[in-house]
There are 2 protein chains.
Amino acid sequence: MTNIKKIAKLAGVSVSTVSKALNGYEDIKEETKKKILEIAKEMDYVPNFMARGLITKSTKTVGVFFGDQTNSGFDSPFLVDYFSSIKNVLGEAGYDLLIFSNQKRDTSSYKSMCHEKGVDGVILILTGNKRTDEKIHELHEAFPTVYIDSLPQASMKVNFVESDNEAGAWDATEHLIKLGHRSILKIAGDTIAKGSFDRIEGFKKACQHYGLSAQDNWIQYGKYSREEAARLTKEIFSQETEFTAVFASSDLMAFGVIDALKELGKRVPEDVSVVGFDDIDSAQYFHPPLTTVHQKRLQMGETASKILIEIMQDNDGTIRHMKIPTKLIVRGSSAISKQ
Amino acid sequence: MTNIKKIAKLAGVSVSTVSKALNGYEDIKEETKKKILEIAKEMDYVPNFMARGLITKSTKTVGVFFGDQTNSGFDSPFLVDYFSSIKNVLGEAGYDLLIFSNQKRDTSSYKSMCHEKGVDGVILILTGNKRTDEKIHELHEAFPTVYIDSLPQASMKVNFVESDNEAGAWDATEHLIKLGHRSILKIAGDTIAKGSFDRIEGFKKACQHYGLSAQDNWIQYGKYSREEAARLTKEIFSQETEFTAVFASSDLMAFGVIDALKELGKRVPEDVSVVGFDDIDSAQYFHPPLTTVHQKRLQMGETASKILIEIMQDNDGTIRHMKIPTKLIVRGSSAISKQ
DNA sequence: CTGAAAGCGCTTACAG
DNA sequence: CTGAAAGCGCTTACAG
């Protein structure tokens with residue numbers, strides 16, 4: 001491979017001069033510069049980023065973590081959107097993306113992995129991850145870092161981009177109430193993850209605001225699983241008959257709810273309305289098409305990338321927490337209450 | 001950050017000795033080794049891969065190209081499967097993944113990008129890409145390389161993993177013929193990409209084998225676009241009434257076909273049967289659920305990764321071309337012909 | 001405007 | 001078994 005030394009020899013100058021010409025320094029004779037650039041081009045020269053990075057401490061590479069080390073992180077249907085927006089925005093700014101997949105490393109600390117490969121910044125998309133690594137704080141102390149979607153610890157003071165989950169849940173709940181539903185079953189995810197928690201809060205607050213007295217049994221936990229949501233729905237609906245609507249904290253759980261209702265001989269939306277959360281691709285193709293809360297995932301990825309670019313250039317220590325608005329998408333799974 | 005020098009000082013030995021201890025050399029006193037390893041652990045030492053890579057010419061990183069430089073490459077719904085299987089298999093073998101997203105680089109040659117970042121091998125997933133870069137051959141001459149899904153030039157002699165598109169198209173066509181359909185419209189992609197071409201071949205051969213004399217107008221080109229397929233379908237079905245079945249070369253085009261048939265007041269599958277190709281996620285949720293040819297994308301990604309690992313370790317120059325079998329998935333969009 | 005020298009953090013013959 | 005030295009390909013003060 002061509003290197004700076006060969007170019008120097010061919011141009012009859014020193015390596016220092018070649019380096020300066022290649023890096024656009026001003027204090028160099030136009031003629032010399034031109035000659036060097038020509039030779040470099042002719043020889044298909046590309047700088048070795050490892051050698052350069054060793055000195056400049058910059059590799060023009062951003063590390064990306066999906067999920068945790070044990071699973072591939074591609075169980076979440078959003079990842080594609082996050083990923084492609086990150087790829088576009090960071091790519092335009094001149095960065096490549098490093099996906100930490102190596103399972104054989106000695107270290108499992110995010111910070112160490114980043115040091116190992118010398119990334120300039122980090123984006124973490126730990127969707128639905130309950131990892132509570134003690135050392136997680138070391139990472140954002142050492143590298144410009146942005147979290148998307150969820151936080152491993154709710155109290156962390158870090159750059160963070162999420163959907164406005166509470167407002168989204170409020171909208172969904174309000175939608176059902178305005179259709180006349182007075183007793184609504186909430187199939188929630190869990191109470192640990194911030195996003196899950198906020199969706200429950202939005203539901204509770206909307207119920208309260210509109211004078212619905214939510215009972216304890218109104219909120220059930222479906223673990224973000226289609227099967228578990230179906231099981232729960234069957235259990236509840238065989239005991240209780242009051243519910244005319246279900247608000248699930250994810251589309252996948254909403255699918256499970258509809259599976260169960262169909263099995264029980266209930267029609268959606270004629271007998272029971274169902275609303276989801278996320279607006280995954282399949283939501284529009286489901287039968288009936290699912291009313292749900294759309295998350296602007298591309299915008300989340302873009303926002304996170306822009307923040308990262310800013311702090312990689314000049315980290316002033318300001319911590320940014322962005323809530324991206326959601327959008328209620330009304331489709332065929334919700335209708336006016338018969339009662 | 002801790003480096004080998006600090007450890008050497010603390011352990012009271014030379015950097016050479018530390019390097020040997022860290023890299024598991026045998027010719028070192030057990031006691032010395034133990035001491036060095038202890039100190040390294042205590043100091044959270046991680047090797048600097050840039051410095052190491054500069055000498056060993058290995059970074060334990062595999063470069064991945066999606067689509068081409070202009071689009072994000074995430075338009076294809078398969079990419080998630082390819083990507084997650086690559087991530088798993090290469091991760092287990094000790095590799096991280098580098099996604100080339102940087103748009104600001106001086107070079108646009110794959111080979112140069114790989115040199116720049118010093119990857120150990122490359123996987124290319126140029127789905128639906130018609131790029132015919134003259135220099136494309138330089139890449140696999142310089143780096144261990146595997147292509148997945150499609151080839152930029154059909155005649156390239158490179159490691160390549162694809163679906164058995166011809167056999168898949170044969171199966172789909174045979175399925176329709178066995179349901180009694182005697183005149184079948186083929187909505188194809190294009191004739192350039194190998195996969196597209198093979199799907200047309202499979203269709204033609206199955207028709208021939210079962211004694212259907214396919215006319216020229218049986219094959220139309222829908223450019224892998226839902227809208228274009230819908231437009232074509234409307235055009236054809238308003239002129240011709242003979243067709244009782246449509247075989248589209250992608251699920252997305254099959255969706256377009258069904259869109260158009262619905263608009264024309266035709267029922268699927270009662271009036272017209274429709275079969276797709278790919279088995280994207282939405283296929284099962286579509287209304288009616290789509291009969292289609294499933295591509296084993298996870299297996300394709302795994303196979304490609306394993307080949308790459310082999311040739312990164314020992315490139316004997318053998319070129320591998322793997323065809324992964326497809327699987328016909330019969331759902332609700334195909335039925336016995338009325339005629 | 002140009003070049004010699006030091007050094008980034010590591011590995012690898014080689015000498016002892 | 002251990003260490004001094006050279007070098008991977010580059011950048012950065014510094015001297016001239």
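Computed from a predicted model, the values in this text were never measured in an experiment. Note on naming: letters A, B, ... go to the chains in the order of the sequence lines (proteins, then strands), and numbering restarts at 1 for each one.
- Contact annotation for B/Lys20: base contact, defined as any heavy-atom pair under 4.0 Å involving a base atom.
- Across all strands shown, A/Asp27 has heavy atoms under 4.0 Å from base atoms, whether or not it also approaches the sugar-phosphate.
- Within the shown strands, nothing qualifies as a pairing partner of C/dA13 under the Watson-Crick or G-U definition with both distances less than 3.5 Å.
- Between A/Ile4 and B/Lys29, the residue anchored closer to the 5' end of DNA chain D is B/Lys29, taking for each the nucleotide with the nearest heavy atom.
- Under the Watson-Crick or G-U wobble criterion, with both distances below 3.5 Å, D/dA4 has no partner in any strand shown.
- Taking all atoms of both residues into account, the shortest heavy-atom contact from B/Met50 to A/Thr59 is SD-CG2, 3.3 Å.
- Running 5' to 3' along DNA chain C, contacts with non-hydrogen atoms of chain A at under 4.0 Å begin and end at C/dC1 to C/dG9.
- Ionic pairing of B/Glu26 and B/Lys20 is not present here: no N-O contact between side-chain nitrogen and carboxylate oxygen is shorter than 4.0 angstrom.
- Between B/Lys194 and B/Glu162 a salt bridge is recorded (basic side-chain N to carboxylate O distance below 4.0 Å).
- Shown for residues 35-54 of chain B: residues whose heavy atoms fall under 4.0 angstrom of DNA chain D, namely B/Leu54.
- In this structure, B/Asn3 and B/Val15 have side chains that are not in contact, with every pair of non-hydrogen atoms separated by 4.5 Å or more.
- With ring centers used as reference points, A/Phe83 lies under 6.0 Å from A/Phe66.
- Taking the six-membered ring where the residue is Trp, B/Phe65 and B/Phe100 present parallel rings, their angle staying beneath 30° rather than reaching 60°.
- The backbone N or O of A/Val89 sits nowhere less than 3.5 Å from a side-chain atom of A/Ser305 that would complete a donor-acceptor pair.
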Between A/Asp96 and A/Thr61, does a side chain to side chain donor-acceptor pair (under 3.5 Å) hold up when you go through it step by step? CA-CA 5 Å; A/Asp96 289 319; A/Thr61 305; 5.2 Å; no
